[in-house]
Every structure is written in structure tokens, then in C-alpha cells.
Amino acid sequence: MKDNRRKQMEALVARRNTVTMEELRQSFGVSMNTIRADVAYLVDTGAVEKIYGGVRSAQRQEVPLFTQRTQLRAGEKLRIARYAQGLVEDGDTLYIDAGTTTMHLIECLDPGKHVTIVTGNLYVVHQAYDKPQVELIVLPGSMNRRTNSVADVSTLEFLGRYQFAKAFMGASGLSPEGRLNVSTYIEYELKRQAVARSRQTWLLLDGGKFGGGSLMSYGALEDMTGLVTGPQCPEEVRSRCSRNGVALAIVE
């Protein structure tokens, strides 16, 4: 109840850009103390910014269009996905995250492995049509053309029904502190839930994703089972994996 209200609150602020505390109280029918607690939580996550008398939508990191990002390091992304396919076992239930590296996993799947895939990644949805060994469960939600995926409050509710053997995750970047960056609150919630519901979580990152920060992070590198990436992986990332028991695969 509380989590759902906060998701709806963040979506309302995103639509209207600025909202007063009194408008939030009236919209959600709860006490002002509850509104203050919800706002404090959303400020902590970076979803909104506090202003006098209310809140406003936080400035978001601009994510390049999906069609632009697919062309960057395309060969490296495909090699990462080919390696990741080897981690899949027959009978697995998989979560495939949105992203221009994770999307290639569907192309690389061994036709001899029968798997169930849960995803909102629209590229994966399209490619799965010609994969008879794949049972596909498509998440509901509103289409985001920048990520070529679906995500909204309904996506989060639907995802909560499933448990996964493995989740193949992406991120908009990996910060020097080992934080997994995201650019929107819905992404933050969706990725956190997918990680929490998976026995293993594998992060697939190309060499352009290292460094930089973001308003929000859905977790840390040490939360992952493993990282699959290219040869440009920085030494400090390699050391962080070693110190924290995170499996590291460098794909040449």
C-alpha cells in the first residue's frame, strides 16, 4: 500500500512537474505527516526535489534514444550476450532487463535449452516469436521509446508475481563507487524488484558504461552474482569484484 502510493506520487509529480504538499494530501487522502514521510523517502531516492511548500520533479539524466545506443559498441554487446547465454540452464526462468546489451541474449540462446523469459524489453518480445524453445511472459506497462521497453506502476505489480533463477541486468552506468545507475524512479523500482526476486543476478555492461554518476542507483556491484563485460573494464572494478566475491567475466 505504502510503496504503491509512493510510486503513484512520483508519477504524479513527474506529470505535473511541481505539486504542493496540500495537493498531495488531497490527492492521496492521507494525513500531512504521511505525506511528509513519503516525500522524504522520494527525496532520498532522488525521484523528487523539495521546494518551498511542495515538491518538483528531479532533473533527469538524459538517456540517448534506443536506436542511437544500439549502434554503440554493437560487436562488444553481442559478445557479452553470447557469453551470458552460457550461464543459462535448461528449464530456467529468466528475467531479461531493458537494455542494448541484455536484448541480444534472446538471439544467442541455445535452441536446445527450454526456458521461460519474463521481460518488458520489446526487442526480446519481438525476437522470441521465432524461438519455439522460449515460453514468453510479457510485462504490462507504458512504452518508453528511449529504452524500447515498458514500465509503469502496473509493471511493478505484475513483476511481483514471479521468482527467477537468473536475472540479466543492465544499468545506465557503473559509478566509481560501484553504484548501478538509473535515470528514472520507475527503473529504480523495477530493477530493485527484479534483483530481489532472482537467485542469481548477472550484470551485462559494455565498456562505455564505466564512470560517472546519477541521481539514483538501484544497487551496488557487490549485490550482483557476477559481471560480464569487455576488456576495457577498469582495474578498480576488477579489484572490487575480487574483494566482494563477484564473479567477473572479461569477454575479448
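Here the structure is a predicted model, which means the values were calculated and not measured.
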Closest approach of [X] and [Y], non-hydrogen atoms and distance?
{"X": "Ile137", "Y": "Phe158", "answer": "CG2-CE2, 3.9 Å"}
{"X": "Ala128", "Y": "Val134", "answer": "CB-CG1, 4.4 Å"}
{"X": "Phe210", "Y": "Gln232", "answer": "CD1-O, 4.4 Å"}
{"X": "Ala165", "Y": "Asp92", "answer": "CB-OD1, 3.6 Å"}
{"X": "Ile186", "Y": "Ala151", "answer": "CG2-CB, 3.5 Å"}
{"X": "Phe168", "Y": "Thr102", "answer": "O-CG2, 3.6 Å"}

Between the main-chain N or O of Gly211 and the side-chain N or O of Ser175, is there a donor-acceptor pair closer than 3.5 Å? no
Criterion salt bridge (Lys or Arg N to Asp or Glu O under 4.0 Å) against Glu89, the qualifying member of Arg199, Lys113, Lys166: Lys166
Assign the ring pair His104 / Tyr123 to parallel, tilted or perpendicular, where the plane angle (0 to 90°) is split at 30° and 60°. perpendicular
N/O donor to acceptor pairs below 3.5 angstrom from side-chain atoms of residues 23-30, sequence neighbours left out:
| unit_1 | atom_1 | unit_2 | atom_2 | d |
| --- | --- | --- | --- | --- |
| Glu23 | OE1 | Arg16 | NH2 | 3.3 |
| Glu23 | OE1 | Thr20 | N | 2.9 |
| Glu23 | OE1 | Thr20 | OG1 | 3.3 |
| Glu23 | OE2 | Arg16 | NH2 | 3.3 |
| Arg25 | NE | Glu22 | OE1 | 3.1 |
| Arg25 | NE | Glu22 | OE2 | 3.3 |
| Arg25 | NH2 | Glu22 | OE2 | 2.6 |
| Gln26 | NE2 | Glu22 | OE2 | 2.9 |
| Ser27 | OG | Glu23 | O | 2.8 |

Before you tell me yes or no, could you show the steps for Arg192 and Glu189 under salt bridge (charged side-chain N to carboxylate O under 4.0 Å, His left out), namely the whole-Å CA-CA distance, both residues' side-chain angles and the distance that decides it to 0.1 Å? CA-CA 5 Å; Arg192 280 207 321 163; Glu189 289 286 3; 3.5 Å; yes
For Asp152 and Ser142, does a side-chain donor sit closer than 3.5 Å to a side-chain acceptor? yes
